Number of protein chains: 2
Amino acid sequence: MIPDLLTAAQHSTVYNSLSLVIAAQLFTAIFLLISLPRVLPRYRPAITIALIVCGIAAYHYFRIFDSFNAAYTTTAIGGAGDYTLAEGAAFNEGYRYVDWLLTVPLLLVELVAVLALARAMQNKLLMQLVPASILMIVLGYPGEISEDVGVRTIFGILSTIPFLFILWVLFVELSKSLKTQPEAVRGTISRLRYLLLLSWGVYPIAYLLPSLDVGADGWVWKQVGYSIADIVAKAVYGIIIYQVAKTKSWIEDPSFAQQERSHAETVSLTERAVKP
Amino acid sequence: MIPDLLTAAQHSTVYNSLSLVIAAQLFTAIFLLISLPRVLPRYRPAITIALIVCGIAAYHYFRIFDSFNAAYTTTAIGGAGDYTLAEGAAFNEGYRYVDWLLTVPLLLVELVAVLALARAMQNKLLMQLVPASILMIVLGYPGEISEDVGVRTIFGILSTIPFLFILWVLFVELSKSLKTQPEAVRGTISRLRYLLLLSWGVYPIAYLLPSLDVGADGWVWKQVGYSIADIVAKAVYGIIIYQVAKTKSWIEDPSFAQQERSHAETVSLTERAVKP
């Protein structure tokens, strides 16, 4: 439930969190765009999706930020007082769901794309992951917008079912494909799944917080929680996908690696190779 | 503490400083983006991070500038009068912290990236510098937003601990890696650390100024101090990183140097080589 009143400190905590997400997503997208030539052409689709995800998130956070500023206003001098819900302006949480509906399936496509599997295996994984992730978001929505604890609980449980299916695909089905990956990235890709699990885990916790009736503080921490989860699940995740793509590019094309790798690294690798 | 009233002169000093930072950061970012092909591919990640840092700073200064203009208003004709804190609008200093949280770790990554060390050494330095710099910023925040001198002092001291650790890494640990750098850039890289020290040194001074109770003037000089420090620590620093990357590119690839170097320089180098 949206609080009627936020203290100046609560207000600036939400305000600064939302702005942090804009900066993090926007500049991760720009970084990945500029860094596209640092991976082989075959990995550029994965990085393109990663930067598109961050771009979509930046767009939605611009909207959420503006919506928050319109919804809570104060008459205090220097803004140093309580903020109350304004007349005629809603804080629109729907932006988050619209964002997830687009970005969550893309995050899974990004992961499968960087694996660069054989076409049949890739399609099989995508046909399992993409519909399940869309279902997970759609089923969460009625609960998120409801004020009724019963409705929230039912849709919370319903949307957990496709989430568990996604976990099964990631940790059972996808594990079989891990063996085909170069050893240097196998650990990173495996840990990426835990990053998804960890960052997605914030969503249900943030979802449940208002049900616990912790008042305005609960709502503030829900906003902060969503913000951190979105940075980890999209920007940090995208940077790790980029590192995986870079490592694989270097392994698969030594002349490309030669150009991209530091001089010191080349010397150190040669020394290691020469050692008896 | 934020002053209730600024004279027209104080107001325009802050106003012009903030605008100067926007111009400096935005166009340094654009300069570095255009100049990417002037360094070898292996140095482009360092320059990309340098331009992202300036871009993030430009974004936050646009926000700070707008926030300042909304917070202080005047009814004087032609704006030639005192400016007072407006109703319902806060000057949000939080943007600075959100900015540093993203840019300060990246400034250290930028320095390590341009060294182009062997992977193991690079990772070791980053694992020390990045967490310490995040801790330094996070610990400074409660002091910055507090009006209480005691709280400001405690968090000021706490955030100095990771700062001292960063200095130790930069001046002791990193010095060992300096020997692997070409002689032509060794001095510049060494001096870069002093630039960081000098520009970061402005932050604690600006942090302490309000505690000294120097009134509106103290607050105005704090804004000017932060502005200059941000230009030096990000834009000037980024340009120097670019110079280091360019010099190293020329040394490591003579045919690339041939293309990039001025004709006069080529002649002068040839003459020197020919001398007995």
Side-chain angles (χ1 to χ4, degrees), chain A residues 8-9 11-24 26-38 58 65 69 72-81 83-84 86 184 227 231 235 242-243 246-247 250 256-269 271-272, chain B residues 2-4 29 32-33 36-37 40-49 51-53 55-57 59-60 63 67 70-72 84-95 97-99 101-103 106 113-122 141 145 177 180-182 248 251-253:
Chain A
H11 181 268
S12 73
T13 301
V14 175
Y15 184 96
N16 292 328
S17 300
L18 297 177
S19 177
L20 173 67
V21 184
I22 294 176
L26 181 61
F27 288 94
T28 303
I30 295 173
F31 171 81
L32 292 175
L33 178 64
I34 298 172
S35 303
L36 263 188
R38 305 274 77 74
F65 184 80
N69 282 326
Y72 285 97
T73 55
T74 183
T75 52
I77 303 234
Y83 286 71
T84 51
S227 299
I231 292 176
Y242 167 66
Q243 296 294 349
K246 211 165 71 168
T247 305
W250 291 14
F256 180 74
Q258 190 71 27
Q259 277 194 345
E260 293 285 328
R261 200 160 44 200
S262 75
H263 187 62
E265 181 72 5
T266 310
V267 171
S268 126
L269 286 173
E271 275 169 3
R272 244 184 291 166
Chain B
I2 190 160
D4 298 326
L32 292 174
L33 178 63
L36 262 188
L40 289 179
R42 68 183 65 142
Y43 292 111
R44 289 179 198 164
I47 309 306
T48 306
I49 297 168
L51 78 90
I52 288 294
V53 164
I56 293 174
Y59 164 77
H60 284 114
R63 291 273 195 207
S67 165
Y72 284 97
T84 51
L85 273 179
E87 275 181 17
F91 177 63
N92 183 17
E93 287 264 46
Y95 284 128
Y97 267 84
V98 173
D99 179 73
L101 195 58
L102 293 168
T103 56
L106 289 176
V114 87
L115 295 178
L117 305 170
R119 186 66 71 100
M121 187 61 200
Q122 174 171 318
Y141 185 68
I145 59 163
S177 304
T180 66
Q181 298 297 308
K248 290 181 78 178
I251 292 170
E252 290 167 17
D253 188 339

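Residue numbers start from 1 in every chain, and the chains themselves are labelled A, B, ... in the order their sequence lines are given, proteins ahead of strands. Being a predicted model, the structure only gives us computed values, none of them experimental. Only heavy atoms go into these numbers, but all of them, side chains included; no hydrogens, no water, no symmetry mates.
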Using a 4.5 Å cut-off on heavy atoms from C-beta on, say whether the side chain of A:Phe31 contacts that of B:Thr48.
-> yes
Which of the residues A:Ser35, A:Ala76, A:Pro37, A:Ala9 is involved in the greatest number of heavy-atom pairs with chain B at under 4.5 angstrom?
-> A:Ala76
Please look at B:Tyr97 and chain A and tell me whether the side chain, the backbone, both or neither of the residue comes under 4.5 angstrom of a heavy atom of that chain.
-> neither
Where does B:Ala71 contact chain A at under 4.5 Å (heavy atoms): side chain, backbone, both or neither?
-> neither
Side chain proximity check, B:Arg63 to A:Ile22, heavy atoms < 4.5 angstrom | yes
Candidate pair B:Leu102 and A:Leu20, rule side-chain contact (heavy atoms from CB on, under 4.5 Å), full reasoning = CA-CA 9 Å; B:Leu102 293 168; A:Leu20 173 67; 3.9 Å; yes
List the atom of B:Pro41, the atom of A:Glu260, and the distance in Å for their closest heavy-atom pair.
-> CB-OE2, 3.4 Å
For the student: nearest non-hydrogen atoms of A:Phe27 and B:Gly55, plus distance = CZ-O, 3.2 Å
Between B:Glu87, B:Glu252, B:Gln122, B:His60, which residue shows the highest count of heavy-atom pairs closer than 4.5 Å to chain A?
-> B:Glu87
What is the distance from atom CD1 of A:Ile30 to atom CG of B:Leu51, rounded to the nearest 0.5 Å?
-> 8.5 Å
Given a strict heavy-atom distance threshold of 4.5 Å, which part of A:Phe65 is in contact with chain B: side chain, backbone, both, or neither?
-> side chain
What pair of heavy atoms forms the shortest contact from B:Ala90 to A:Tyr83, and how long is it?
-> CB-OH, 4.0 Å
How long is the gap from OH on A:Tyr15 to CG on B:Asn92, to the nearest 0.5 Å?
-> 5.0 Å
Region of B:Leu40 that comes under 4.5 Å of a non-hydrogen atom in chain A = neither
Rounding to 0.5 Å, atoms CD1 (A:Ile34) and CD1 (B:Ile49) come to a distance of 11.0 Å
Largest heavy-atom contact set with chain A, pairs under 4.5 Å, which of B:Phe91, B:Tyr59, B:Tyr43 = B:Tyr59
Which bit of B:Ile56 comes within less than 4.5 Å of chain A, counting heavy atoms only: side chain, backbone, both or neither?
-> both
Please flag which part of A:Ser19 lies under 4.5 Å from any non-hydrogen atom of chain B: side chain, backbone, both or neither.
-> both
Measure the OH-CG distance between B:Tyr141 and A:Asn16 for me, rounded to the nearest 0.5 Å.
-> 4.5 Å
Looking at B:Ala120, B:Gly94, B:Pro45, which makes the most heavy-atom pairs under 4.5 Å with chain A?
-> B:Gly94
Test A:Arg38 against B:Arg44 for side-chain contact (heavy atoms from CB on, under 4.5 Å), laying out the working first.
-> CA-CA 9 Å; A:Arg38 305 274 77 74; B:Arg44 289 179 198 164; 3.6 Å; yes
Is any side-chain heavy atom of A:Thr28 closer than 4.5 Å to a side-chain heavy atom of B:Ile52?
-> no
